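Down below is the structure, laid out as structure tokens.
Because the structure is a prediction, the values reported are computed rather than measured. Numbered from 1 within each chain, the chains take letters A, B, ... in sequence-line order.
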2 protein chains.
Amino acid sequence: MNTTANLVEQKIVLNNSVSVDCVIFGFDFMQLNVLLVDRVMYDEKSGKELFNDLTLTGNHIFEEEDLDEAAARILFDLTGLKNIYLEQFYTFGSPTRINRENDKAWLAANGRDPNHRIITIGYYSLLDTDKVTLEWKGRNVRWVPVSDVTELAFDHMEILQKALQALRKKLTREPIGFELLPPKFTLSQMQRLYEVILGVTLDKRNFRKKVSRMKYLVPLDEKQKGVAHKPARLYVFDRDIYETTKTELLDFAI
Amino acid sequence: MNTTANLVEQKIVLNNSVSVDCVIFGFDFMQLNVLLVDRVMYDEKSGKELFNDLTLTGNHIFEEEDLDEAAARILFDLTGLKNIYLEQFYTFGSPTRINRENDKAWLAANGRDPNHRIITIGYYSLLDTDKVTLEWKGRNVRWVPVSDVTELAFDHMEILQKALQALRKKLTREPIGFELLPPKFTLSQMQRLYEVILGVTLDKRNFRKKVSRMKYLVPLDEKQKGVAHKPARLYVFDRDIYETTKTELLDFAI
DNA sequence: ATGCTTAGTGTTTAAATTACACTTTATTAA
DNA sequence: TTAATAAAGTGTAATTTAAACACTAAGCAT
């Protein structure tokens, strides 16, 4: 009737530690950045700095809270912003997620069992870098260009990479790039955004030809100001037009 | 320094019930099917059947188990199959996920607190319907055409729909359809698969022209047997060729 | 007035997509 | 054996999209 799958004795875990982590992406017309938090640990006696790592930001979930709400709250706590684009992209739950000494020490120092597995639901959020007032809550928070991030605490490097992968995939299929731009932007800024995130170079004329077919990209009778060169025309992303003409999605895949 | 996000007192939950649910898709050359389990509940005294619903299949996670491993175990327990295509697609965690009477009664009868939120990590798996020996473990398990499923226990209908959505998206970008076909298949079977899952009709000649560009789709010197008409040529999906020529992905979006 | 810097524009060629209908081949039934 | 059946398999023309490529225009700084 039954050949058993797992002959090894295994304990079923009925309750797990669960958290929501946010990968907060911002674009500043030059680079794609990610918002990182300093995790500093000091020696109890000497007060000397033991290590200083960077982490993504995450938190546990409130009792009455949906996962999306938890992610939005974490984002708000860190940036003071609401109604920001958020997308759940992956859930991480390897039992060996936390295996580095710094991470274990930090958890222990914060009253948590470093050997207890934490399951983390990953969200990424997109916003214009300028929107964030840093030093919110006195936390040491900063924008780091994604291409400069080489090491993060816990398995956050893996989470960041997976987020980036999900973002790239989505960006080639849906018009979410506008979430990273201010309400009014130029086509060159938009092109730069695609180039930076997808890691490609695009031909200016072909790019403009392509986006000129997107009806939801509306040109304004308004130009860029304060630039030391020919000012560019400004555009807005019209969500209503997009919602009603969704069929004609455009593909930015190269 | 800080305007508080949540003025309402909320309790942070440090430990959540977590499970992994599998949406098991199978294709039988005609329809896309999903493997469902009967959830029958009897009255304790009279023994009369109180309700008989269908559910997806899920389970808790072992202590030393990665999420993917838990999904694979659940799939194995239900089907007796290993090394099956599995894809994590979404995590569900609304605090009001369980709100129907049947669901609460069933949880209570199984020694679980019906008011305790369960966070569920959703996976979908793809396999050839014929691979499954039903009645494995004596469970009442059956294939149901996806288009016939209108109601499921818990929020499993929502989970199924999200899985289907994820499958469609992936199918238009990556050659995962082969996971639903036997090793040798005909082009008509393959076309039917795309038509059924994506809900479109495709032109036979154009379809063949398109797939003839996929080098990883290898024609055999072998024909279909036991059909009452001209037998079709058989093809195989060559994973090695695919892995080495990944760049030229083809798009089945209409 | 000149130089600097980015904005903005068109054409040609190649490739992909779409629409569309008849012949072939094995099996089955007469 | 012959005819009916049922799906397999094949090509072309018209349209659309993609790719490659270089100069002029506009505003600011000096």
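The distance between atom CD of A/Gln224 and atom C1' of C/dG8, rounded to the nearest whole Å, is 13 Å. Atoms CG (B/Leu187) and P (D/dA8) sit 9 Å apart, rounded to a whole Å. With rounding to whole Å, A/Gln189 atom CD is found 15 Å from C/dG8 atom C1'. Rounding to whole angstrom units, CD of residue B/Glu222 and P of D/dA8 are separated by 16 Å. Per the geometry, CZ belonging to B/Phe29 stands 16 Å off C1' belonging to D/dA8, to the nearest Å. Between the P atom of C/dA7 and the OH atom of A/Tyr235 lies a distance of 12 Å, rounded to the nearest Å. Counting to the nearest Å, the C1' atom of D/dA8 and the CZ atom of B/Phe207 are 14 Å from each other. Distance CD (A/Gln191) to P (C/dT6): 13 Å, rounded to an integer number of Å.
Judged by distance alone, the side chains of A/Gln161 and A/Gln165 never bring a donor and an acceptor atom under 3.5 Å apart. With no hydrogens or angles considered, a side-chain donor-acceptor pair links A/Asp28 and A/Asn33 at under 3.5 Å.
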Per-nucleotide protein contact string for nucleotides 21-30 of chain C (B base, S sugar-phosphate only, - none; heavy atom under 4.0 Å):
B--BBBSS--
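Evaluation of the ring-ring contact (aromatic ring centres under 6.0 Å, His included) rule for A/Phe185 yields A/Phe178 as partners, not counting sequence neighbours. Listed by chain and residue number, nothing satisfies the ring-ring contact (aromatic ring centres under 6.0 Å, His included) test with B/Tyr235 (two or more places apart in sequence, or in another chain). Remark: B/Phe154 pairs with B/His156 by the ring-ring contact (aromatic ring centres under 6.0 Å, His included) rule, at least two apart or across chains. Every residue meeting the side-chain hydrogen bond (donor to acceptor under 3.5 Å, both in side chains) condition with B/Asp68, not counting sequence neighbours, appears here in chain and number order: B/Tyr123. In this structure A/Lys131 satisfies the side-chain hydrogen bond (donor to acceptor under 3.5 Å, both in side chains) test with no other residue, sequence neighbours excluded. Judged as a side-chain contact (heavy atoms from CB on, under 4.5 Å), and not counting sequence neighbours, the contacts of B/Asp130 are B/Asp128.
Pairs of residues two or more places apart, or lying in two chains, that qualify as salt bridge (Lys or Arg N to Asp or Glu O under 4.0 Å) and include a residue from residues 229-239 of chain B are B/Glu179-B/Arg239, B/Asp221-B/Arg233.
Toward the 5′ end of DNA chain C lies the nearest nucleotide of A/Ala232, the other residue of the pair A/Ala232 and A/Asp203 mapping further downstream.
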Can you check nucleotides 12-17 of chain D for protein contacts, nitrogen or oxygen pairs under 3.5 Å, and list what you find?
unit_1: D/dT12; atom_1: O4; unit_2: B/Lys209; atom_2: NZ; d: 2.9

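At the phosphate of D/dA8, OP1 or OP2 sits under 4.0 Å from a side-chain N or O atom of B/Ser188. The side chain of A/Arg208 contributes an N or O atom lying less than 4.0 Å from OP1 or OP2 of C/dG8.
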